[in-house]
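Reading through the structure tokens given below for one structure.
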Number of protein chains: 2
Amino acid sequence: MRADAKRNYDRIVEVARVVFREQGYDASLDEVAKRAGVGPGTLYRHFPNRDALLDAIMQSWVDRVDEAAEKALTHEGSPRDLLLAWFEEYVRLISLHKGGPAKITSALGDPDSPILTKCQVLTRASDRVVDRLRDEGALKDGVDTISLCRLVGGVATVADQSELDEAAVRPLLEVVADGMVK
Amino acid sequence: MRADAKRNYDRIVEVARVVFREQGYDASLDEVAKRAGVGPGTLYRHFPNRDALLDAIMQSWVDRVDEAAEKALTHEGSPRDLLLAWFEEYVRLISLHKGGPAKITSALGDPDSPILTKCQVLTRASDRVVDRLRDEGALKDGVDTISLCRLVGGVATVADQSELDEAAVRPLLEVVADGMVK
DNA sequence: TGCTAACCGGAGACAGTCTCCGTATCGTGG
DNA sequence: CCACGATACGGAGACTGTCTCCGGTTAGCA
């Protein structure tokens, strides 16, 4: 990639991260281009569509997922507390920007999703938590990773759309945790 | 209201109900107008914006909510089963069209929502179920109606966006129910 | 039947998405 | 060091959807 192209690419991703956080996933791409100091043509050549841009934004995010899972797994305490700690990390991770929780959660089961690989990272991290708890015999039968992701993703989606703060989200996560542990 | 105006009003609502179900809440309003055989001006005079139209569509829906609550309350069986029966009705009720669960659930806490009164009907119905279960001492402390609506709304939102069928939704609702009953 | 208030609906302003293509720039090979 | 081909840039504009304005039409009453 030519030096000027790389410069523009990086600049667009950086600006898009800010704009998506400020205005949500529906923000105008022409505005992203304008704020990045490039023409719309440039933006659309690098990123054929909105999802491609999101995918690039999430590139650095992947590392944080594994860190978060690691951190949650070191959590001392009851299975319920471990689960809750992971839930809270999970919600934080997928609440990248307005519309993020919905976007990511609906991509979970979609093999054609442009952010599929990103979601798999998240699923695998949840897998580790589920495996650990299952080994301890702490989970109800029938509880699996995909259910966990959907339930917590659902809570995060509602929180995102209703602009709930952490204090309001916590009791919802507690219900989900209580419903999953034996 | 003049007879011709009423005719158009009714026709638009009827067509919008179909189009929203087919294409989701984001469907083009100009298309609704076209299919109703009126100009866009007529549609927008009757309904200043998309939400006003949704509000009109939901008018007849209100009756079905109370019926559904009634039906759930007659349910014989354990508190968990009653709760589950109501959850399933709830999901069905708010899954009017694509985007419906998200729309309705996010309107729950918004006093300025254009469909506020419709949501209150839903909240009140859930209240009846919660009161009944609380009287029986079957609910955990801290569980309230708004939490119920948000959790089940979250599940319905995910189901809507991921196009899950009833069989896939059921285990999610079971987790929520288990987390709420003692 | 004639009048007037109410209603109709198309033209068009505006915003966002995305493409095309002439122009400008990079960086390499001579 | 320069010239040239490959690559990238970005603005003009086509297209779609939202919503408004207003000239023309019509319902319904006297």
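Lettering follows sequence order; numbering is per chain, from 1. Only heavy atoms go into these numbers, but all of them, side chains included; no hydrogens, no water, no symmetry mates.
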Assign A:Asp4 to base, sugar-phosphate, or nothing according to its heavy-atom contacts below 4.0 angstrom with the strands shown.
->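 Sugar-phosphate, no base atom in range.
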Does A:Ser28 put a side-chain nitrogen or oxygen below 4.0 Å from OP1 or OP2 of C:dT17?
->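 So the side-chain polar atoms of A:Ser28 do come within 4.0 Å of the phosphate oxygens OP1 or OP2 of C:dT17, strictly under.
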Within the pair A:Asn8 and D:dA8, is there a side-chain N or O less than 4.0 Å away from OP1 or OP2?
->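 Checking D:dA8 against A:Asn8, no side-chain N or O comes under 4.0 Å of OP1 or OP2.
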Joint cluster assignment, A:Val38 & A:Val18, ILVMFWY side-chain distance < 4.5 Å =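 In one cluster: no.
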Are B:Leu116 and B:Phe47 joined in one hydrophobic group, where the rule is that I, L, V, M, F, W and Y side chains link up if heavy atoms are under 4.5 Å apart?
->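 Per the 4.5 Å side-chain linkage, B:Leu116 and B:Phe47 are not co-clustered.
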Take atom CD in B:Glu22; do more than 12 heavy atoms of anything else shown fall under 6.0 Å from it?
->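 Result for CD/B:Glu22: enclosed.
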Answer yes or no: does atom CZ of A:Arg128 have more than 12 heavy-atom neighbours from other residues, nucleotides or ligands under 6.0 Å?
->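 Enclosed.
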Within this structure, what is the [atom1]-to-[atom2] distance between [X] and [N], rounded to whole angstrom?
X	N	atom1	atom2	answer
B:Arg11	C:dC8	CZ	P	13 Å
B:Gln23	D:dG17	CD	C1'	12 Å
B:Arg7	D:dA27	CZ	P	7 Å
B:Asp10	C:dC7	CG	P	14 Å
A:Asp30	C:dT19	CG	P	12 Å
B:Leu29	C:dG9	CG	P	16 Å

Lys/Arg N to Asp/Glu carboxylate O, A:Asp30 vs A:Lys34, below 4.0 Å |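 Not counted as a salt bridge, because no side-chain N and carboxylate O are separated by less than 4.0 Å.
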Is it true that A:Glu136 and A:Arg132 have a side-chain N and a carboxylate O under 4.0 angstrom from each other?
->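 Salt bridge: yes.
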Taking atom CD of A:Gln161 and atom NZ of A:Lys98, what is their separation to the nearest 0.5 Å?
->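 Spacing of CD (A:Gln161) from NZ (A:Lys98) equals 6.5 Å.
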Just the table, please: protein N/O against nucleotides 3-7 of chain D N/O, every pair under 3.5 Å.
residue	atom	partner	partner atom	Å
D:dT7	O2	A:Arg2	NH1	2.4

I would like to know whether A:Asp144 and A:Ser147 meet side-chain hydrogen bond (donor to acceptor under 3.5 Å, both in side chains); could you show each step before the answer?
-> CA-CA 5 Å; A:Asp144 54 7; A:Ser147 298; 2.5 Å; yes
Heavy-atom pair of closest approach, residues A:Lys140 and A:Asp178 =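 Smallest heavy-atom distance, with atoms named: NZ-O, 3.7 Å.
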May I ask you to list the residues of residues 32-60 of chain A, by number, that have any heavy atom positioned under 4.0 Å from an atom of DNA chain D?
->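 DNA chain D contact set from residues 32-60 of chain A: A:Gly37, A:Val38, A:Gly39, A:Pro40, A:Gly41, A:Thr42, A:Arg45, A:His46.
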